[in-house]
Amino acid sequence: MYNKAIAIIGTGYVGLVQGICMADFGLKVINVDTDEEKISSLKNGHIPIYEPGLKEKFDRVLRKNSIEFTTDIVYAIDNAEVIFTAVGTPPNKDWTADLENVYAVARNIGTYMDDYKLVVTKSTVPVGTGKRLKSIIQEELNKRNVNHPFDVASNPEFLREGKAVQDFMVPDRVVIGSESQKAIEILKNIYRPLNLNQVPFVITGIESAELIKYASNAFLATKIAFINEVANLCEKIGADVHEVAKGMGMDGRIGSKFLHPGPGYGGSCFPKDTRALVATAREVNERISIVEAVIESNENQKIRMVNKMEDKMGTIRGKIIGVLGLTFKAETDDVRDAPSLVIVPELIKRGAIIKTYDPEGIPNFRRQMREFERNITYCYDQYETAKNADAVVILTEWNEFRQMDIRAMKKVMNDSFVFDFRNIFNPKSVRELGFTYEGVGR
Ligand code: UDX
């Protein structure tokens with residue numbers, strides 16, 4: 001078991017999940033952030049993100065004192081041998097990743113380190129960043145006229161929101177990219193508790209590890225865009241996309257996951273990572289034209305949903321539309337790049353009056369939709385949303401929508417359109433209740 005303290009810089013989504021789960025392994029963790037308010041609220045036992053299973057672990061590691069929260073990066077550098085960077089890499093205007101936060105961590109390490117350090121990138125960073133960090137740290141050491149040894153490694157995360165704890169504890173693989181055998185051994189040692197779950201390690205060069213993350217996310221986004229377009233085709237030729245996906249997915253080479261059609265993918269990763277991959281390729285005079293097409297296809301998919309509603313309803317102007325679900329998927333309060341952020345404004349532009357409900361996502365959505373404030377009524381549940389509505393549209397597959405009493409909904413609606421863009425209902429049974437039902441691809 002690795003018995004020194006490890007530092008994790010950044011208490012965003014990735015840094016927190018990693019810090020808490022590693023502390024729960026029994027490792028000694030120092031979680032660092034520049035945001036003082038956040039650190040003091042973490043110290044007081046408040047966790048700023050909603051993630052199933054995380055709070056229990058958090059309370060446990062706080063009680064056991066195996067995690068420390070601090071704004072003092074120098075303290076973390078002094079006390080830890082391994083330093084994970086999990087700071088934000090927001091997109092620039094041209095969709096390349098802004099690496100200033102990651103570089104700042106490297107500069108700090110070079111400035112303050114006094115003995116061997118292993119610097120591990122956890123943030124999603126473009127290919128070549130590991131090498132760049134190495135030279136930044138070396139420059140700082142040179143300025144100080146010292147020559148402490150250090151290594152750099154890439155250890156990308158593949159956490160899904162809503163399943164982050166499970167993904168951390170039972171990942172499909174742990175990718176470790178480094179040129180240094182010592183670094184690889186240390187990281188394997190840190191992740192040893194996962195061995196009990198027989199998690200495979202993939203040991204690669206640093207550039208390969210960096211690319212694995214982007215290529216994986218772009219590939220998954222491609223699967224979704226692909227099935228969305230197949231779904232659109234199904235609608236025209238009378239096929240059922242679920243039957244098609246099932247038949248395709250049984251081919252082990254294709255696999256059944258990520259073949260669920262919908263209103264387009266969103267979230268903090270796929271939209272950003274696909275664009276960053278395209279930008280990285282262009283920087284070296286290559287094109288990943290498939291991924292370029294995926295990005296375009298995904299944008300079209302969102303607008304296609306609005307077109308479909310307009311088609312079926314004749315007009316949207318003046319209609320009351322109840323939107324159920326705003327987050328980019330269920331079990332999260334995250335609306336980053338959610339289809340709702342395109343679909344709702346588009347409906348409003350075409351004259352709709354919006355009522356909406358989401359179990360977790362309203363505050364985040366509302367913040368981004370200020371300019372449409374007077375066209376949107378926020379409701380406290382699905383039935384209030386359906387009241388007097390001409391149509392109800394489902395944009396997120398929350399379980400409470402699956403279980404809702406649509407008979408009761410029908411009684412309060414003004415007209416009977418149901419647009420189920422997550423395919424959560426059985427079309428036949430909804431139609432039998434007298435609704436005009438439209439799903440995606442069936
Ligand atoms: C994703 C990756 O899965 C994860 O490995 C990576 O580290 C971060 O990005 P996340 O963004 O949390 O995770 O969500 P995910 O469950 O992958 O879904 C992404 C989007 O694709 C959602 O909008 C979801 O609704 C959509 N999706 C997913 C589909 O439309 N159809 C599918 O079949 C699967």
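Hydrogens, waters and symmetry mates play no part in the numbers below; they use all other heavy atoms, side chains included. Just follow the structure's listing: the first ligand is 1, and inside any ligand the first atom is 1. These figures come from a predicted structure and were not determined experimentally.
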- Item | Shortest protein heavy-atom distance from atom 9 (O) of ligand 1, along with the residue and atom involved | C269 CB, 3.0 Å
- N/O separation below 3.5 Å, K329 to ligand 1: yes
- Please say whether E161 places an N or O atom under 3.5 Å from an N or O atom belonging to ligand 1. yes
- Separation of F425 CZ from R402 CZ (nearest 0.5 Å): 9.0 Å
- Please identify which atoms of ligand 1 are closer than 4.0 Å to at least one heavy atom of Y265. 20 (C), 21 (O), 23 (O), 26 (C)
- Message: Please work out, at 4.0 Å between heavy atoms, whether the side chain, the backbone, both, or neither of K257 comes within that distance of ligand 1.
- Response: neither
- Query: Can you find a pair of side-chain heavy atoms, one from V294 and one from Y265, that are under 4.5 Å apart?
  - Reply: yes
- Message: Parallel, tilted or perpendicular: which one describes the rings of H242 and H260, with boundaries at 30° and 60°?
- Response: perpendicular
- Task: Using a strict 4.0 Å cut-off to heavy atoms of E157, name the atoms of ligand 1 that fall inside it.
- Result: 7 (O)
- Just need the protein heavy atom nearest to atom 11 (O) of ligand 1, so name the residue and atom and give the distance. F328 CE1, 3.5 Å
- Message: Considering both backbone and side-chain atoms of F158, is one of its nitrogen or oxygen atoms within less than 3.5 Å of a nitrogen or oxygen in ligand 1?
- Response: yes
- Under 4.5 Å between any side-chain heavy atoms of E51 and F58, yes or no? no
- Nearest neighbour in protein (non-hydrogen) for atom 28 (C) of ligand 1: I224 CD1, 3.5 Å
- Task: Select one of side chain, backbone, both or neither to describe which atoms of L159 lie under 4.0 Å from any atom of ligand 1, heavy atoms only.
- Result: backbone
- Is there a donor-acceptor contact under 3.5 Å from the side chain of N228 to the main chain of G262? yes
- Task: May I ask you to check whether Y13 and E157 show a side-chain donor-acceptor distance below 3.5 Å?
- Result: no
- Should G266 be listed as contacting ligand 1, given a heavy-atom distance under 4.0 Å as the test? yes
- Item | Side chains of R304 and N307, donor plus acceptor under 3.5 Å | no
- Where is the nearest protein heavy atom to atom 32 (C) of ligand 1: which residue, which atom, and how far? H260 O, 3.5 Å
- Item | Criterion salt bridge (Lys or Arg N to Asp or Glu O under 4.0 Å) against R160, the qualifying member of D334, D167, D172 | D167
- Query: Quick one: does NZ or CZ of R132 land under 6.0 Å from the six-membered ring centre of Y103, within 45 degrees of the ring axis?
  - Reply: yes
- Task: Return the residue, atom name and 0.1 Å-rounded distance of the protein heavy atom closest to atom 3 (O) of ligand 1.
- Result: R160 CG, 3.2 Å
- Is it the side chain (CB and beyond), the backbone, both or neither of I227 that lies under 4.0 Å from ligand 1, heavy atoms counted? neither
- Distance only, no hydrogens: is a donor on one side chain within 3.5 Å (strictly under) of an acceptor on the other, for S297 and E229? yes
- Message: Would P261 count as being in polar contact with ligand 1, using the rule that some N or O on each side must be under 3.5 angstrom apart?
- Response: no
- So for R422 against ligand 1, with non-hydrogen atoms under 4.0 Å, the contacting part is side chain
- Message: Give me the nearest non-hydrogen protein atom to atom 17 (O) of ligand 1 as residue plus atom name, then the distance to 0.1 Å.
- Response: F258 CZ, 3.2 Å
- Query: In Å and rounded to the nearest 0.5 Å, what is the NZ to CE distance from K308 to M305?
  - Reply: 5.5 Å
- Message: How far is atom 1 (C) of ligand 1 from the closest protein heavy atom, and which atom is that?
- Response: F270 CE2, 3.5 Å
- Near K213, which atoms of ligand 1 are under 4.0 Å from a heavy atom of that residue? 7 (O)
- Does R173 make a cation-pi contact with F158, if we ask for NZ or CZ under 6.0 Å from the ring centre and within 45° of the axis? yes
